[in-house]
Participant: 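Have a look at this one before I ask anything.
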Amino acid sequence: GFAGADLANVINEAALLAARRNKAAITMDELSEAVERAVAGLERKSRVLNEKERRIVAYHEAGHALVGELLDEANPVEKISIIPRGVGALGYTMNSPAEDRYLMTKNELLDTICALLGGRAAEEIVFGEVSTGATNDLQRATSISESMVKEYGMSETLGLVARREERGQNQFLGMSNTDRPFSDETSQQIDSEVGRIISESYDRAKDVLGDHRQQMEDVVKILFKEEIMEGDQLREILGKEPRHLDEDDAAESVQDSPRDTATDSSSGEPANGSAHHGSNGASPEEGSATSHDTEADTSEPHQPNDRVDS
């Protein structure tokens, strides 16, 4: 999540964007763009991809988005983009939860891993080969899997035992710490369990995309034309209800919503009336972006709070 200084930077960036656009006040458009800049970095439209790379990135991000949106326990998709951002992100998929969360269940973690692997799965399904763009995805999926096995007691093989390695003094000096609180045999079991979780999650991601191949093609067509796709556009393709209402729909929702018969004595208007209108931007505390990396050794353009989006 964002610290107070990060939130201050987001608001400051949004104010600068509003000033450049000659607006008298900050709107959700500026706030959304400021959050994206903080999470994924600045847009790099000068970084021109060839046609093959654009197709790979488009299918990669479509894979993330579809798996993340179709799995019940994964966070909904907020935005998909194939515009390069930051140091090494050639595209990104931003997810945000419906509400603030402080705990995650085993199924939620497994679905998150599946969504992270959706980009690599899409590449394999469509092109029959994979690229170096999933570096960040694999690192994050492996990190979550290791935590499940070593810290959260979510492995039936190793049981309800925490086997987290403590930081030693040498690690802070840039040296590796070879002292582990478990045996070599246990280390092999941990590696085996992590590999099993990753492998099974990857197979699930491929099954989901295989069952929704036409929807993936529809998403890619929009990304090739517009370069950016909102989460509600994806949900429309999948036949799901939108998360956000536009201003007209929100006003209509207020008018049509049930209201209490009690009225405000001063105005005569209903005391309780509400519109279910969501934010257009990802939550800075809970949102995450999954990015398609430039190359295998590219540094991560942002840090997820896992949970973001390659």
Side-chain angles (χ1 to χ4, degrees), residues 32-33 36 39-71 74-96 114-138 140-141 202 205-240 282 288-296 298 300-302 308-310:
S32 298
E33 174 64 19
E36 290 180 48
V39 172
L42 296 174
E43 287 188 359
R44 304 290 185 183
K45 292 188 176 181
S46 60
R47 185 180 296 161
V48 181
L49 306 181
N50 61 41
E51 193 68 11
K52 178 180 179 180
E53 289 174 331
R54 288 190 76 226
R55 290 190 71 231
I56 292 175
V57 173
Y59 277 103
H60 185 103
E61 299 307 330
H64 282 307
L66 283 169
V67 176
E69 190 63 41
L70 289 167
L71 294 180
N75 287 325
V77 174
E78 191 72 27
K79 179 175 287 188
I80 317 161
S81 171
I82 59 171
I83 299 176
R85 278 183 177 269
V87 177
L90 302 181
Y92 68 94
T93 299
M94 182 174 290
N95 307 75
S96 65
C114 281
L116 287 169
L117 299 175
R120 168 62 71 93
E123 290 184 29
E124 182 175 340
I125 290 173
V126 175
F127 303 105
E129 61 178 356
V130 294
S131 71
T132 59
T135 304
N136 178 253
D137 304 330
L138 297 177
R140 291 163 60 188
Y202 187 63
K206 289 196 293 185
D207 290 341
V208 170
L209 294 176
D211 292 338
H212 297 83
R213 179 65 186 269
Q214 183 56 53
Q215 287 91 334
M216 180 164 60
E217 297 295 339
D218 294 340
V219 171
V220 170
K221 287 180 181 178
I222 294 177
L223 287 176
F224 253 72
K225 181 180 179 180
E226 306 291 342
E227 293 189 318
I228 293 177
M229 183 177 182
E230 299 294 335
D232 281 344
Q233 291 179 274
L234 172 64
R235 282 179 277 277
E236 182 179 355
I237 290 175
L238 297 175
K240 301 176 67 175
S288 66
T290 314
S291 62
H292 188 287
D293 299 330
T294 305
E295 55 187 14
T298 298
E300 297 182 14
H302 51 80
V308 143
D309 33 3
S310 184

Participant: So do Leu138 and Leu117 actually touch side chain to side chain, heavy atoms under 4.5 Å?
Facilitator: yes
Participant: Do Gln233 and Ile222 come close enough that some side-chain heavy atom pair is under 4.5 Å?
Facilitator: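 Sidechains of Ile222 and Gln233: in contact.
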Participant: Is there a side-chain contact between Tyr92 and His64 (heavy atoms, below 4.5 Å)?
Facilitator: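 In short, these two side chains do not touch, never coming nearer than 4.5 Å.
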Participant: Suppose we screen for side chain to side chain donor-acceptor pair (under 3.5 Å). Which residues come up paired with Glu217, at least two apart in sequence or across chains?
Facilitator: Tyr59, Arg213
Participant: Give, for atom CD of Glu230 and atom CD of Glu236, the distance between the pair rounded to the nearest 0.5 Å.
Facilitator: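 It is 12.5 Å, given to the nearest 0.5 Å.
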Participant: Where is the tightest heavy-atom contact between Glu61 and Ile82, given as atom of each residue plus distance?
Facilitator: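 Where Glu61 meets Ile82 most closely, the heavy atoms are CG-CG2, 4.5 Å.
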Participant: Distance from His60 atom NE2 to Leu223 atom CG, nearest 0.5 Å?
Facilitator: 12.5 Å
Participant: Output the distance between atom CZ (Arg140) and atom CG (Asp137), rounded to the nearest 0.5 Å.
Facilitator: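 The distance works out to 6.5 Å.
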Participant: Over all heavy atoms of both residues, which pair between Arg54 and Phe224 is shortest? Give the atoms and the distance, please.
Facilitator: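 In this case the closest contact between Arg54 and Phe224 is NH2-O, 3.5 Å.
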Participant: Between Val126 and Met216, does a side chain to side chain contact (heavy atoms under 4.5 Å, CB included) hold up when you go through it step by step?
Facilitator: CA-CA 10 Å; Val126 175; Met216 180 164 60; 3.8 Å; yes
Participant: Please give me the minimum heavy-atom distance between Cys114 and Leu71, naming the atom from each residue.
Facilitator: CB-CD1, 3.4 Å
Participant: For Ala205 versus Ala121, what's the shortest heavy-atom pair and its separation?
Facilitator: CB-CB, 4.1 Å
Participant: Please report the interatomic distance CZ(Arg55) to CG(Asn50), rounded to the nearest 0.5 Å.
Facilitator: 11.5 Å
Participant: Could you please spell out the steps behind the side chain to side chain contact (heavy atoms under 4.5 Å, CB included) verdict for His212 and Leu70?
Facilitator: CA-CA 10 Å; His212 297 83; Leu70 289 167; 3.6 Å; yes
Participant: How far apart are the closest heavy atoms of Ser131 and Arg120, and which atoms are they?
Facilitator: O-NH2, 3.4 Å
Participant: Looking at Arg235 and Val77, would you say the former's side chain and the latter's main chain have a donor-acceptor pair under 3.5 Å?
Facilitator: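 Yes.
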Participant: Can you check whether Val219 reaches Glu69 side chain to side chain, under 4.5 Å on heavy atoms?
Facilitator: no
Participant: Just wondering, more than 12 heavy atoms not from Lys240 lying within 6.0 Å of its NZ?
Facilitator: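 Yes - once you tally the heavy atoms of other residues, nucleotides and ligands closer than 6.0 Å, there are more than 12.
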Participant: How about Leu238 and Leu66: do any of their side-chain heavy atoms sit closer than 4.5 Å?
Facilitator: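 Answer yes - side chains close enough.
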Participant: Write down the atom of Lys52, the atom of Glu129, and the distance for their closest heavy-atom approach.
Facilitator: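 Shortest heavy-atom contact: NZ-OE2, 4.3 Å.
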Participant: Can you measure from CE (Met94) to CD1 (Ile80) and round to the nearest 0.5 angstrom?
Facilitator: 11.5 Å
